[in-house]
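Before any comments, here is the structure.
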Amino acid sequence: MRVGESVRRPDGAAKVRGRFEYSSDLHAPDMLWGATVRSPHPYARIKAIDISAARAMPGVHVVLTHKDVTGRNLYGLEIKDQPVLAHDFVRYWGEAVALVAADHPEQARRAAQALKVDYEVLKPITDAEAALAPDAAKLHPNGNITRQVKIRHGDQSARADIVVTGEYEIGMQDQAPLGPESGLAVPEQDGSVELHIATQWLHVDQEQLAAVLGLPPEKVRLTMAGIGGAFGAREDLSMQAHACLLALEAGRPVKMSYSRTESFVGHVHRHPGRLWYEHGADRDGRLVYVKARILLDGGAYASSSTAVIANASCFSCGPYRVPSATIDGIVAYTNNPPCGAMRGFGSVQNCYAHEAQMDKLAAELKMDPVELRMRNALQTGDKLITGQTIDGPVPVAELLKSIAAMPLPASGEGKGGDVDLTKLPGGVSNTTHGEGVKRGVGYAIGFKNIGYSEGFKDYSTAKVRLFTKDGKARVEVHTAAAEVGQGLVTVQAQIAGTELGVNDVVVLDADTNVGSAGSSSASRQTYITGGAVKTASEAVRDRVIAMARAELRAPSGLHIENDNVVTGTGKLVVPLATLLGDEVIEETREFHPRQTFPLDAETGQADAHMQYAFAAHRAVVDVDAELGLLKVVELATAQDVGKAINPQAVEGQIEGGSAQGLGLAVMEEIQLKDGVIRNASFTDYLLPTILDMPPVRMDVLELGDPNSPYGLKGVGEPPTISSGPAIAAAVRAATGRPITRVPIRPHDLTL
Amino acid sequence: MKNELQRDVERVSLTLNVNGERSQVLVPVHKTLLEVLREDMGLTGTKHGCELGECGTCTVLIDGRPELSCLVLPVQVEARAITTVEGLAVGSELHPLQQAFAELGAAQCGYCTPGILLASRALLDVNPKPTRDEIREALAGNLCRCTGYVKILQAVELASTRMSS
């Protein structure tokens, strides 16, 4: 179990046996089921709530409204602006208004339906531009601008010979983890509560819950339950506070488990956006300036909007040398569903725009689009538009070269011009014989930050314990880091195994009995929690070596290998188990990456980010322009991961991330009408199936970042950034149509 | 329990044959097979993802054919052979599909895995050496949000190769 090996997941056997316990599988004796009363209006004033009918229903034990929130009825990751239960206004369709706990889930649901809320319905603001109008109703006390980011870099009056402009629109994507939100809250005699929950960040849940419940943090204990996917959807509170409030009031355990429809309103989404761009270049294709206005719809509450708009702005120009930039990023409050974290976090939206612009520029200059990108490729030591000098490997040109050199898939035609009809767009429905089908090839590259930015404190804590069990050395690793499916448990075990030379490594369940690990987001956990496990393991190892030297008067240069303490030349000194005896060596360490700084409010200049990661995609797409159908034939991708701690897991991240990017490009969108979600089900919200996902060619580069543990770079998000824009580019190449909006709809191909 | 009885729901006594074992359950007549498996029989390996027959996570085998347990009422399947993910392994020995999925990293979060394993098992039972397109067709009703399906496809192929050699 060493770093760099494709070690099997320790939870894999339980998962394939159906024994892995997800949050929805939990059960406690005597538990009640919770249900949520949700607003049927996107914007309304609450005039009165009548709980009497609901309270009188059979099996109902508790009904709660905002009056029953025992602490502060506001929470939020960046700005505390969201009520746990709405009190004066509801600001989005599906906002939680009241709670019920009953013996059975159906009783709870029926009681929730029986609860009466008297609303004064108000006209919702459902467009971000409209929210910015001077006469728009103020949805929050400070107005409707959640955050505005200004980047002013270089010569603000720069002019160029070649100018291209464009306007782009991105739909609202859902993370759609397959496990809906669920959890179990268990009240204790002393007034404390134990919450078993699938979350991306135990400690920030704990902090927010303590405030909401009016309890000291030590009286709110959280244990991680199995997570059925996350992708950003589990960064904010969903049912956590609700289940705890119900359990504390009822004095009995309460389980909550969302349906798919409720899940669509129970978590935040990827920000939809509109982006206006102007690129100026010289006649050789060198960028002179980029001007952009990026408007994201943050929906009713802030969630992580303030950080998303910072990313959207910082990475707005793509990984290119841009001497002058004028960027205005705005995220606005509306009465649409709240938006927050989703894999890619602000860098996905802008990548569609900057890559479409680069293609436009290439067309204007009659230049090869890859060649144009190479000519402007960012390199180590360059200054970003935020003024930060980028260090570490910046393999923009290498990644582009790699995808451009990969062989292209064979054409759909078989021998003698035969066409396999099932391979055409539309597949087995056999609606075409290939007459109107055209193939296009498109390229895209993107980048983003790894870890937290703008001075937000980033660290993780690991406790590593070495002892003897059944005559053999064993290591236990304990962190609060969320295993969301990405393989963090494997990585933690590999790192401890590598540093300690021990074969038996167990990663304990994550809980709040150990310090914070930060969130499983921003592609940061292998770096930050991996770093903490490495540091704590090194501390344990140093003690073992010191012990060996003191007790055995052994020479210097000792290390541990394969459960033995050995000399520098690999000669056995003592088996680790013998040396340890009954001794337990335990060390807890925090790992802190280098500091970042907030963006300047007027110029957006700062060393705002800690590490940068890059990925490029080439997409091959067949388009039937007559029928409005398309099929992604192949994705090819290259990504620098610095060092692949677990190559198999890295491949899995790149394949899965590329699939989510494909989803946004061609099918995934939450359809809103007047603030109401029209497709809150998997019948109408389309996710890529195995038939939609093409083969993936892959080139994983390991260029080694000198600043990070083992030289690694965060892996999870970059593949989600550039796959979709490459598909959009391929569709443009096939059809000659502008394709300025994703997901691409049939009428974008035909009308 | 008392309160549920107060609701005067019609309960039926059923004998279900799950993973080769016959069990008697007394359940409200409207409960789905998915709910009965998970809540009344403690077989939580079968997952719920949408409860509307859209995602495939609740797939079980009924007389060897994949069915969505969220759309099946237990009364419909009395006396028929129901196989859930818990019934795939023989004792400590994993089914070759389970082995291949664990080995190749075809389960990330793992939530879709039980349903995909059963749909794959039904395929290999009738078609031991499927082509890639046949695997895709067999798994077209099972959503996975983590893997992009690449390793799932590889794992089914690996299991097929091992089982036929």
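Reminder, nothing fancy here: chain letters follow the sequence lines and each chain counts from 1.
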B:R65 atom CZ: more than 12 heavy-atom contacts under 6.0 Å: no

Side chain / backbone / both / neither for A:Y258 at chain B, heavy atoms under 4.5 Å: backbone

Check: B:R145 side chain, A:Q175 main-chain N or O, donor-acceptor pair, under 3.5 Å: yes

Spacing of CG belonging to A:L178 relative to OG1 belonging to B:T57, to within rounding of 0.5 Å: 6.5 Å

Pairwise side-chain contact, B:C109 with A:Q486, heavy-atom cut-off 4.5 Å (strictly under): no

Spacing of B:K31 atom NZ and A:H104 atom NE2 [to the nearest 0.5 Å]: 7.0 Å

Atom group of B:T113 that falls short of 4.5 Å from chain A, counting heavy atoms: side chain

Contact class of B:K151 relative to chain A, heavy atoms under 4.5 angstrom: both

Point-to-point distance, once rounded to the nearest 0.5 Å, from CG of A:L686 to CG of B:L143: 9.5 Å

Under 4.5 Å from any heavy atom of chain B - which part of A:S658: neither

From CG (A:L687) to CD (B:E54), nearest 0.5 Å: 10.0 Å

Winner by heavy-atom pair count (cut-off under 4.5 Å) against chain A, out of B:T84, B:L43, B:L104, B:I116: B:L104

Heavy-atom contact with chain B under 4.5 Å, split by part of A:S681: both

Residues B:H30, A:E106; criterion side chain to side chain donor-acceptor pair (under 3.5 Å); working and verdict: CA-CA 11 Å; B:H30 62 275; A:E106 270 175 60; 3.0 Å; yes

Nearest-0.5 Å distance, NZ of residue A:K423 to CG of residue B:D133: 3.5 Å

Where B:R136 and A:L691 come nearest, the two heavy atoms and their spacing: CB-CD2, 3.6 Å

Proximity breakdown for B:N142 and chain A, heavy-atom pairs closer than 4.5 Å: neither

Pick from A:A13, A:A176, A:G229 with the largest number of heavy-atom pairs that fall under 4.5 Å of chain B: A:A176

B:A140, part contacting chain A, at a heavy-atom distance under 4.5 Å: both

Electrostatic pair A:R260-B:E51, nearest N-O below 4.0 angstrom: no

Heavy-atom pairs under 4.5 Å with chain A, option from B:G49, B:G110, B:A102, B:G45 with the top count: B:G49

Part of B:R38 within contact of chain A (heavy atom distance under 4.5 Å): side chain

Over 12 non-hydrogen atoms of neighbours within 6.0 angstrom of CD in B:E93: no

Interface residue of largest heavy-atom contact number with chain B, from A:A14, A:S24, A:S259, under 4.5 Å: A:S24

Distance in Å, A:R9 CZ paired with B:Q108 CD, rounded so as to fall on 0.5 Å steps: 7.0 Å

Expected output: side-chain A:Y22 to main-chain B:T44 donor-acceptor under 3.5 Å: no

Backbone of A:P180 reached by a side-chain donor or acceptor of B:Y111 within 3.5 Å: no

SB check A:R17 B:E86 (cutoff 4.0 Å): no

Exam field: side chain A:Q653 to backbone B:C146, donor-acceptor pair closer than 3.5 Å: no

Largest heavy-atom contact set with chain B, pairs under 4.5 Å, which of A:P688, A:G487, A:A230, A:G663: A:P688

Heavy-atom pair of closest approach, residues B:K47 and A:F20: NZ-O, 4.1 Å

Residue, of A:E483, A:H27, A:R19, A:E651, that accumulates the most heavy atom pairs under 4.5 Å with chain B: A:E651

B:H48, part contacting chain A, at a heavy-atom distance under 4.5 Å: both

